[in-house]
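Structure, as structure tokens:
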Amino acid sequence: MTAMPQTPTVLHAPVIDWFDEHARDLPWRRPEAGPWGVMVSEFMLQQTPVSRVLPVYEQWLARWPRPADLAAEPPGEAVRAWGRLGYPRRALRLHGAAAAITERHGGEVPRDHAKLLALPGVGEYTAAAVASFAYGQRHAVLDTNVRRVFARAVSGAQYPPNATTAAERKLARTLLPEEEPVAARWAAATMELGALVCTARTPSCARCPIAGRCAWKAAGSPAHDGPPRRGQTYAGTDRQVRGKLLAVLREAVGPVPQSALDAVWEEPVQRARALDGLVADGLVEPLADGTYRLPLT
DNA sequence: TACCCGTGGTG
DNA sequence: TCACCAAGGGT
């Protein structure tokens, strides 16, 4: 059961005041980033830490300052520029989003949440984040940081559920400040609080602006009880093989022979399955002569 | 819903 | 050392 705060607004001022003082100076938060910069950052930050995104973000925006600039290049160039950020399908989707923005929205990142949501690679979180951070709109922005902050401060649990629940969305809407600019500030502030203070492993409650109102802390910071949180195995999986295969193609200038791909993984069945998967995903293009390259279309 | 999808830092 | 973790989305 989720406990409703008696007066939701009491959290707003301390969290936003804390954000005013402690917010990181990130490039996508600067005014010159614009909606496109915000969108690029949101794609890159999906499951990838800020520190690793920073250099790639700068290169990306310098090379493709507008959606149309990216849309004008082959998707394989986006995959190559993605580097080692991980989950390279995001690069493909960002390229697809840029193409859709160019074709359907006159080259401007749409302001409307529903239109954002219709873009490839843009889900509930990213649509709300772009609408809120880039356009100052009032949306519940529920990422892993915000979910953890609310789980602790309001629900009294160490961790949120594995999958986002309807109760969490309702709570987020309940806590959202009424005024649009305040709501946008709140969204960024709660995310930052989760990223810097209310961290997953060892939260710094001594530095938390709402520690005095935290339900989890008040309960004695009880350990997580429910089902174990989903772990991520990696070694020996298809994902690892796909990563090795794509790394070869990223670093190659032109098409690579089958033999170069065969060299990265011993086991032929899994290797073939991984390569087929990359082709099916549009990350790799097989050529008639038996070589492979990053996609030109 | 549960699972798939990369990569690297860290306690 | 190694399991956990990092501004999710698609199916």
Would you say the rings of A:W82 and A:W60 are close, in the sense that their centroids are separated by under 6.0 Å?
yes
Whole-Å distance separating the CD atom of A:Q47 from the P atom of C:dG10
13 Å
Tell me: CD of A:E192 to P of C:dA6, nearest whole Å?
14 Å
Sub-4.0 Å heavy-atom contacts from residues 240-251 of chain A onto DNA chain C, ordered by number
none
Taking C:dG8, C:dA6, B:dG6 as options, the one with an atom nearest any side-chain atom of A:R90 is B:dG6
When the C1' atoms of B:dA2 and C:dA7 are considered, how many whole Å apart are they?
22 Å
Minimum side-chain heavy-atom gap A:Q270-A:Q240 below 4.5 Å:
no
Base, sugar-phosphate, or nothing for A:G123, non-hydrogen atoms under 4.0 angstrom?
sugar-phosphate
Base, sugar-phosphate or nothing for A:D238? Non-hydrogen atoms, less than 4.0 Å.
sugar-phosphate
Counting any heavy atom closer than 4.0 Å, what does A:W28 reach on the DNA or RNA strands: base, sugar-phosphate only, or nothing?
base
Using side-chain heavy atoms (C-beta onward) and a distance below 4.5 Å, is A:L117 in contact with A:H113?
yes
CG of A:L142 versus P of C:dG9: gap in Å, rounded?
11 Å
note: A:L116, atom CG; C:dG8, atom P; distance rounded to Å ~ 17 Å
Within this structure, what is the CG-to-C1' distance between A:N162 and B:dC4, rounded to whole angstrom?
15 Å
Just checking A:Y234: base, sugar-phosphate only, or nothing, at a heavy-atom cut-off of under 4.0 Å?
base
Quick check: closest heavy atoms across A:L283 and A:P88, and the distance to 0.1 Å?
CD2-O, 3.8 Å
Parallel, tilted or perpendicular: rings of A:H224 and A:Y159 (30°, 60°):
perpendicular
Taking any heavy-atom pair under 4.0 Å as a contact, classify A:T237: base, sugar-phosphate, or nothing.
nothing
Report the distance from atom CG of A:L283 to atom P of C:dG10, rounded to the nearest whole Å.
14 Å
Using a 4.0 Å heavy-atom cut-off, does A:R24 contact any base of the nucleic acid, only the sugar-phosphate backbone, or nothing at all?
base
Please produce a list of atom pairs where a protein N or O lies less than 3.5 Å from an N or O of nucleotides 8-11 of chain B.
residue, atom, partner, partner atom, Å
B:dG8, OP1, A:R84, NE, 2.2
B:dG8, OP2, A:R84, NH2, 3.1

Pairwise 5' ranking along DNA chain C for A:Q46 and A:R148, keeping only the more 5' one:
A:R148
Examine C:dA7: is either OP1 or OP2 under 4.0 Å from a nitrogen or oxygen in the side chain of A:T126? Give yes or no.
no
With C1' as the reference atom in both, quote the distance from C:dA6 to B:dT1 in angstrom, rounded to an integer.
23 Å
Between C:dA7, C:dG9, B:dG6, spot the one nearest the side chain of A:Y87, thanks.
B:dG6
Assign A:Y159 to base, sugar-phosphate, or nothing according to its heavy-atom contacts below 4.0 angstrom with the strands shown.
sugar-phosphate
Under a 4.0 Å threshold between the charged nitrogen and the carboxylate oxygen, would A:E180 count as salt-bridged to A:R138?
no
Heavy atoms under 4.0 Å, any strand shown: does A:A129 hit a base, just sugar-phosphate, or nothing?
nothing
Within this structure, what is the CG-to-C1' distance between A:D281 and B:dG6, rounded to whole angstrom?
13 Å
For A:L26, report the nucleic acid contact type (base, sugar-phosphate, nothing); a contact means any heavy atom under 4.0 Å.
base
Is the shortest side-chain heavy-atom distance between A:Y87 and A:R239 below 4.5 Å?
yes
Among the nucleotides C:dG8, B:dC4, C:dA7, which one has an atom lying closest to any side-chain atom of A:R89?
B:dC4
Identify the heavy atoms of A:R80 and A:A252 that sit nearest to each other, and give their distance.
NH1-O, 2.8 Å
Nearest-angstrom distance from the residue atom NE2 of A:H224 to P of C:dC4
12 Å
Could you check whether A:D69 pairs with A:R63 (Lys NZ or Arg NE/NH1/NH2 to Asp/Glu carboxylate O, under 4.0 Å)?
no
Is the shortest heavy-atom distance from the side chain of A:S132 to the side chain of A:Q137 under 4.5 Å?
no
Consider the side chain of A:P88, meaning its heavy atoms from C-beta on, and name the nucleotide among C:dA7, C:dG9, B:dG6 that approaches it most closely.
B:dG6
Distance, P atom - from C:dC4 to B:dC3, rounded to whole angstrom
15 Å
Test item: A:F150 and A:R152 side chains (from C-beta on) under 4.5 Å apart, heavy atoms
no
